[in-house]
Amino acid sequence: MANENLHKANKAKNDEFYTQLSDIEKELRHYKQQFKGKTVLCNCDDPRVSNFFHYFSYNFDVLGLKKLIATCYKNQDADLFSENKSEQAIYLEYYGDKNGNNVPNPEEIGIKPLKGDGDFRSKECIELLEQADIVVTNPPFSLFREYVAQLVEYDKKFLIIGSKNSITYKEIFKLIKENKIWLGNGFDNGNAYFRTPYANNYAEGVYNAETGLVKFRNVGWFTNMDFSKRHEDLILYKTYNSEEYPKYDNYDAINIDKTADIPMNYDGYMGVPITFLDKFNPEQFEIKGIDRYVEDNPTFGHRFTINGKEIYARILIKNKRIREE
Ligand SMILES: C[S@@+](CC[C@H](N)C(=O)[O-])C[C@H]1O[C@@H](n2cnc3c(N)ncnc32)[C@H](O)[C@@H]1O
């Protein structure tokens, strides 16, 4: 039993991280015009603690929204770690300010009970998803693959937070390669801070007791909504030479350790770190795949090596502009 509880707690631990309003404001700035006349769904959001609900309800008129829906998950593993302490899973619908005070009042927010626990995969939550044009939230990190698969299946626009580790998942990378999902603008200097109830789980410097915030280096925004930075060329200044850019033992591509070092004149495949995706402009580069799962990788399922040494996660890209010139 103790083990089972620990397991449940460990699982829940990955999921309770609350997004700051300032981070939502900074990211949303890049997509504002795309929200006009749209129904927005926040489907992992207890309105009492979610800044996503706060952002969209307070900016309802500025964005010109049609409707805002939020669903609140009743965590079945309700324990010390969870702030989702609702007795009942609920959803709410907001159609904007009615009494002219520009603030969402309780009587303007229609709160209704859900039959189940508010799991985003449940039938009733999928019915709400079907009404939505755009889904915006920070979903549970532990269910990211399933969460994204559902958004793609229902053909929704989305702007969500996730761990950048998920880029290397086969299913997620396939979507990146097909230009069905990409990284958003991102957190300031790549540092994301979340409020969390798990203060004791972190080393000094990671959790700040004064602010109550935990810092993650490897978290980003994932989206299928366009924004201008995505169409800016990465400025390249280096030229290719075989010493600085060795080829892999097991694939015909050169290795690059830093995105900024991509040579401007190499006309073959290049292996770049996943941080490249922060700078990826699909008009400038083609993505062939990610090392382990590149279709013609002779050692499929394994990473590339140089002199027998494995090189960590590399995305294979090709410069499209060289051909154009
Ligand atoms: C990373 S937290 C983010 C919470 C909120 N969206 C925010 O950004 O502040 C993810 C939330 O999803 C909830 N959750 C976990 N499993 C869920 C599920 N199957 N369906 C819906 N929500 C779930 C968790 O309890 C947690 O509160």
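Atoms within a ligand are numbered from 1 in the order they appear, just like the ligands themselves.
Close approach of ligand 1 to Leu143 (heavy-atom distance below 4.0 Å) involves ligand atoms 19 (N). Within the listing of ligand 1, atoms 8 (O) sit less than 4.0 angstrom from a heavy atom of Phe52. Every atom of ligand 1 is numbered from 1 in the order shown, and the set under 4.0 Å from a heavy atom of Thr137 is 6 (N). Ligand 1 places these atoms under 4.0 Å from at least one heavy atom of Gly118: 20 (N), 21 (C). Counting atoms of ligand 1 from 1 in the listed order, those under 4.0 Å from a heavy atom of Thr19 are 7 (C), 8 (O), 9 (O).
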Go through Leu159 and Trp221 one step at a time and tell me if the side chain to side chain contact (heavy atoms under 4.5 Å, CB included) criterion holds.
-> CA-CA 7 Å; Leu159 181 57; Trp221 289 86; 3.8 Å; yes

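The closest approach between any non-hydrogen atom of Arg121 and ligand 1 is below 4.0 Å. Put simply, no part of Ile161 is less than 4.0 Å from ligand 1, judged by heavy atoms. For Asp45, the closest heavy-atom approach to ligand 1 falls below 4.0 Å.
Applying the 6.0 Å contact sphere to NZ of Lys66 captures no more than 12 heavy atoms from other residues, nucleotides or ligands.
Here the shortest heavy-atom distance to atom 18 (C) of ligand 1, taken over Phe53, Phe120, Phe144, Phe141, belongs to Phe120.
Using the six-membered ring where Trp is involved, Phe194 and Phe216 have ring planes that are tilted, between 30° and 60° apart. Between Phe17 and Phe141, the ring-plane angle classifies as parallel under the 30° and 60° cut-offs.
Using a 4.0 Å cut-off between charged nitrogen and carboxylate oxygen, Asp133 and Lys36 do not count as a salt-bridge pair.
Geometric assessment of Arg303 against the ring of Tyr312 yields a positive cation-pi assignment under the 6.0 Å and 45° thresholds. Both the sub-6.0 Å distance and the 45° axial angle are not jointly satisfied by Lys215 relative to the ring of Tyr193.
For Asn51 (side chain) and Thr19 (main-chain N/O), a donor-acceptor pair under 3.5 Å exists by modelled atom type.
Looking at Asn43 against ligand 1, only its backbone comes within 4.0 Å, counting heavy atoms. The backbone of Pro139, and not its side chain, has at least one atom closer than 4.0 Å to an atom of ligand 1 (non-hydrogen atoms only; backbone = N, CA, C, O).
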